[in-house]
Amino acid sequence: MKKIDITTSAILFDNISQLSTQDAFLVEKAVEARQKAYAPYSKFSVGAALLLENGEIILGNNQENAAYPSGMCAERVAIWKASSEYPNMKVKKIAINAASENTTVNKPVGPCGACRQTLSEYEINQKQPIEIIFMGEIGKIVKTESLLSLLPFSFDSSYL
Ligand code: THU
C-alpha cells in the first residue's frame with residue numbers, strides 16, 4: 001500500500017489587466033455571454049467563451065428551465081455549440097465568468113463537476129490541453145493549464 005499525492009497547479013491573477021491580451025479578450029467575451037444568460041430561477045448567470053484553433057470564439061451561457069434539472073450550464077452549452085458547429089476542431093482555451101443578482105460574486109467560479117467531465121472528453125480526443133480561465137464578477141482570476149488538471153482519476157472511454 002502506498003499513499004500517492006496528486007498535485008495540481010494554477011496561476012492566480014489579481015485582475016484582468018495581468019492577463020495576456022488574448023486571455024483578457026476571451027474573459028470579456030465570457031462576460032458578454034454571461035450577460036445574455038437565461039437564469040430566472042437561480043439568478044446566477046454564467047458565461048463561457050471558447051477559443052477554437054481556427055480562431056473562432058464560441059459563446060455559451062446557462063439556460064435554465066422551470067423543470068430545474070432540464071437546465072444546462074454555460075460551459076456545456078458552449079462546448080456542444082462548438083462541437084456541433086465545428087466537429088473535431090481543437091479548443092485552445094475557455095474563459096468562464098459568473099455573476100449573481102443576489103450577491104457580488106467575488107471569487108473565481110470554476111466549472112462544475114459535470115462540465116469538467118464533459119470538457120475532459122474533448123481534451124482527451126484532441127490530444128491537446130484546454131486552458132481554463134475563470135473568475136467571478138470581480139476579484140481574482142484563476143488559470144489552469146488543462147482541464148484534466150482539474151479532474152484527477154477522471155472517467156473516460158478507455159474504461160468501456
Ligand atoms: N452553472 C453554470 O452555468 N456553470 C457551472 O459550472 C456551475 C453552475 C449554472 C447552472 C445554474 O443555471 C446556475 O449556474 C446555478 O447553479
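Below, all heavy atoms of this structure are taken into account, side chains as well, without hydrogens, waters or symmetry copies. Predicted model, so just to flag it, every value in this text is computed and none were measured. Both ligands and their constituent atoms are indexed starting at 1 by order of listing.
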Interfacing atoms of ligand 1 (cut-off 4.0 Å, heavy-atom, E64)
11 (C), 12 (O), 13 (C)
Identify the protein heavy atom lying closest to atom 9 (C) of ligand 1, giving its residue, its atom name and the separation to 0.1 Å.
N62 ND2, 3.5 Å
Nearest protein heavy atom to atom 3 (O) of ligand 1, by residue and atom, and its distance?
A74 N, 2.9 Å
Kindly compute the distance separating CG (N62) from CZ (R76), expressed to the nearest 0.5 Å.
11.0 Å
Flag side-chain contact, heavy atom, 4.5 Å: L148 against I124:
yes
Heavy-atom contacts with E75 under 4.0 Å: which atoms of ligand 1 show up? List them by number with element.
2 (C), 3 (O), 4 (N), 5 (C), 6 (O)
Connected via hydrophobic side-chain network under 4.5 Å: L147 and M89:
yes
Heavy atoms from other residues, nucleotides or ligands near CD of E121 exceed 12 (cutoff 6.0 Å)
no
Are the side chains of K29 and L59 in touch, meaning some heavy atoms are under 4.5 Å apart?
yes
Only heavy atoms of S42, strictly under 4.0 Å: list the atoms of ligand 1 that pass.
13 (C), 15 (C)
Might you check, step by step, whether the distance between atom 12 (O) of ligand 1 and some protein heavy atom is under 4.0 Å?
yes
Starting at CD1 of I133, measure out to CD1 of I96 and round the result to the nearest 0.5 Å.
9.0 Å
Tell me whether the rings of F155 and Y159 are parallel (<30°), tilted (30 to 60°) or perpendicular (>60°).
parallel
Counting from 1 in the order shown, the ligand 1 atoms closer than 4.0 Å to a non-hydrogen atom of P111 are 6 (O)
Are any of the N/O atoms on C112, whether in the backbone or the side chain, positioned under 3.5 angstrom from an N/O atom of ligand 1?
yes
Can you pull out the closest protein heavy atom to atom 8 (C) of ligand 1? Residue, atom name and distance to 0.1 Å, please.
C73 SG, 3.9 Å
